[in-house]
Protein chains: 2
Amino acid sequence: MARTAGSVGTKTFDEVRKAALQLFARHGYAAVSMRQIAAQVGVQAGAIYNHFPNKQALLADLLIGHMRNLIKACDEAGIQPASPQVELERFVRFHIRYHIDRADEVFIAYMELRNLEPDNFREVQTLRQRYERVLRDILRDGAKAGVFETSDAPVAGMAIIAMLTGVNTWFRYGGRLSVTQIEEIYVKMVMQSVGIFDPALREEENA
Amino acid sequence: MARTAGSVGTKTFDEVRKAALQLFARHGYAAVSMRQIAAQVGVQAGAIYNHFPNKQALLADLLIGHMRNLIKACDEAGIQPASPQVELERFVRFHIRYHIDRADEVFIAYMELRNLEPDNFREVQTLRQRYERVLRDILRDGAKAGVFETSDAPVAGMAIIAMLTGVNTWFRYGGRLSVTQIEEIYVKMVMQSVGIFDPALREEENA
DNA sequence: CAATTAAATGAACGTTCGTTTAATTATATG
DNA sequence: CATATAATTAAACGAACGTTCATTTAATTG
């Protein structure tokens, strides 16, 4: 199975990544063996080492990759500047929509942090802080402009992100509410939590 | 080291519990060995089996014990009925204060759920739902009475609990803010998130 | 069509795992 | 103080772990 030099996108590589993501999310990094991952791919354990140097690199690849994708998607979702209210609502909608469809990635990005070796841990932490700063800056700008009642932007930012990400703990497709309905509930709660009560001040941009 | 029949509160029992709690919180259930726990207690691995039948029972004991303590403390904190506003504020203050001082228990009660065998998992889930119902009922009553703008009490309840519990991910004693200051920020955000904007409608009961 | 090389196999490595067991130690009770 | 019994140790069990390696298989390249 020779392959053009420089090419890296083998089928097995992607399947190992996918299997590891599922299994790590379901059972936890430490509880999943390389043999389990290999079995899910339909391959022997040793074959994984043709694509990843070790188990740790597999975890690091998943977590760092997830954070980079998140930041890129976030940047693209909020390119054009707007008022703090509009930017906050845009952030809430982006965060919910993005996270609800990546339950496994979000789960391990939070749960398996402690299983990262120091270098990988630092990289993920840095990326996470960069994402958190997006919201914090929106809150700070809104507070400065007097449109938000936020007295402490860092704390409010952490509170809002925790609230939004929490949707992943209970949401399942096919449930009582659609993603759009959930989005509306969270938008309203978040906007009100920072002091925006008038729906007219909010932007409606349902997909 | 014989001991009165029926007595169960040995020193080692408690120390094993404490060591397991710390180690599970720090490294995760699957990543911690019985030998590590024993070493932290200053005992051999086999000695643990005089107090717990196996590793799983140790985890189940910690999680079920935590949930039972939480529910008992919550019941005691909200014994006297009051208005929805007062009850909600009381719940927020209780939740933050209780969780902030039990970081390890809260962490494993969420992270190690998947490592519980089915029977233990069901028990913890039942207890968790009983706790969540406390908040949900407050929100439902407030919405019925027209004092909360909550359109969906179950979702709002999950959102608020996620927001509050999230404080554990960043709070450390000796930081920029005191527990009381943090409590005030969260009380304000939560009350506003359900539509209560006037501070006069809120009860101030700082400890 | 050879030569090359990436990919996969299957067995093995040393280590660690949770748990068990026989023997020993220590404590409380009659 | 003697006895009963709970607690602990030290060693051992089989199983599973992450990883390595010689070898085989299969696809690409000149």
Side-chain angles (χ1 to χ4, degrees), chain A residues 1-21 23-24 26-63 108 112 114-117 119-120, chain B residues 1-24 26-63 108 112 114-120:
Chain A
M1 304 180 176
R3 156 165 301 279
T4 312
S7 167
V8 286
T10 66
K11 187 162 80 90
T12 301
F13 178 90
D14 292 334
E15 286 180 359
V16 166
R17 246 180 142 273
K18 205 173 86 181
L21 174 65
L23 290 169
F24 288 166
R26 191 121 47 213
H27 309 291
Y29 174 74
V32 172
S33 70
M34 295 297 268
R35 285 170 181 84
Q36 278 177 67
I37 299 170
Q40 179 137 324
V41 174
V43 102
Q44 291 298 314
I48 297 178
Y49 291 84
N50 290 320
H51 306 280
F52 297 91
N54 50 44
K55 194 184 176 188
Q56 168 73 198
L58 193 37
L59 178 65
D61 183 76
L62 290 172
L63 265 59
I108 65 169
E112 305 299 352
R114 61 184 168 190
N115 288 310
L116 286 179
E117 288 165 6
D119 282 356
N120 295 326
Chain B
M1 303 179 176
R3 160 165 297 279
T4 311
S7 166
V8 285
T10 66
K11 189 161 80 85
T12 302
F13 177 91
D14 292 335
E15 285 179 359
V16 166
R17 246 180 141 272
K18 207 174 85 180
L21 174 65
Q22 267 186 33
L23 290 169
F24 288 167
R26 192 118 49 213
H27 308 292
Y29 174 74
V32 172
S33 71
M34 296 297 270
R35 286 169 179 83
Q36 277 178 67
I37 299 170
Q40 179 136 324
V41 175
V43 101
Q44 292 297 316
I48 297 178
Y49 290 84
N50 292 317
H51 307 281
F52 297 91
N54 49 45
K55 193 185 177 188
Q56 168 75 197
L58 193 37
L59 178 65
D61 183 78
L62 290 172
L63 265 58
I108 65 168
E112 305 298 353
R114 62 185 169 190
N115 288 310
L116 286 179
E117 288 165 4
D119 283 356
N120 296 325

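Every chain is numbered from 1, with letters handed out A, B, ... down the list of sequences. Side chains are part of it too, since the values below use all heavy atoms of this structure and drop only hydrogens, waters and symmetry mates. Predicted model only: the values in this text are computed from it and were never measured.
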Phosphate oxygens OP1/OP2 of C/dA8: is one of them under 4.0 Å from a side-chain N or O of A/His51? yes

Quick one: side chain to side chain donor-acceptor pair (under 3.5 Å) partners of A/Gln56, sequence neighbours excluded? A/Asn120

Using 0.5 Å steps for rounding, measure from the CZ atom of B/Arg17 to the CG atom of B/Leu21. 8.0 Å

With a cut-off of less than 4.0 Å, is there a side-chain N or O of A/Ser33 near OP1 or OP2 of D/dA16? no

Here the distance between atom P of C/dT19 and atom CZ of B/Phe52, to the nearest Å, is 13 Å

Nearest-angstrom distance from the residue atom CZ of A/Phe13 to C1' of C/dA8: 17 Å

Could you tell me which residues satisfy salt bridge (charged side-chain N to carboxylate O under 4.0 Å, His left out) with B/Arg114, sequence neighbours excluded, listed by chain and number? A/Glu112

Mind jotting down which residue pairs meet the salt bridge (Lys or Arg N to Asp or Glu O under 4.0 Å) criterion with at least one end in residues 31-47 of chain A? Sequence neighbours excluded, please. none

The reported gap from NE2 in A/His51 to CG in A/Leu58 (rounded to nearest 0.5 angstrom) is 11.0 Å

Please pick, from C/dA8, C/dC17, D/dT19, the nucleotide with the shortest atom-to-atom distance to any side-chain atom of A/Met34. D/dT19

Starting at atom CD1 of A/Ile37, determine the distance to atom P of D/dT19, rounded to an integer number of angstrom. 10 Å

Is B/Val41 touching bases, backbone alone, or none of the nucleic acid, heavy atoms closer than 4.0 Å? nothing

For the side chain of A/Tyr49, counting heavy atoms from C-beta on, which of C/dG18, D/dT20, C/dA7 is nearest? D/dT20

Atom pair distance, as rounded to whole Å: CD in A/Gln56 and C1' in D/dT19: 15 Å

Closest to the 5' end of DNA chain D, once A/Gln36 and A/Pro53 are matched to their nearest nucleotides, is A/Gln36

Who are the side chain to side chain donor-acceptor pair (under 3.5 Å) partners of B/Gln36, not counting sequence neighbours? none

Mind checking salt bridge (charged side-chain N to carboxylate O under 4.0 Å, His left out) for A/Glu15 and listing every partner two or more places apart, or none if nothing turns up? A/Lys11

Just the atom pairs and distances: protein N or O near nucleotides 10-15 of chain C's N or O, under 3.5 Å.
{"from": "C/dA12", "atom 1": "N6", "to": "A/Arg35", "atom 2": "NH2", "distance (Å)": "3.3"}

Does a nitrogen or oxygen in the side chain of A/Thr12 sit under 4.0 Å from OP1 or OP2 of C/dA8? yes

Distance-only donor-acceptor test (3.5 Å): side chain B/Asn50, base D/dA6: no

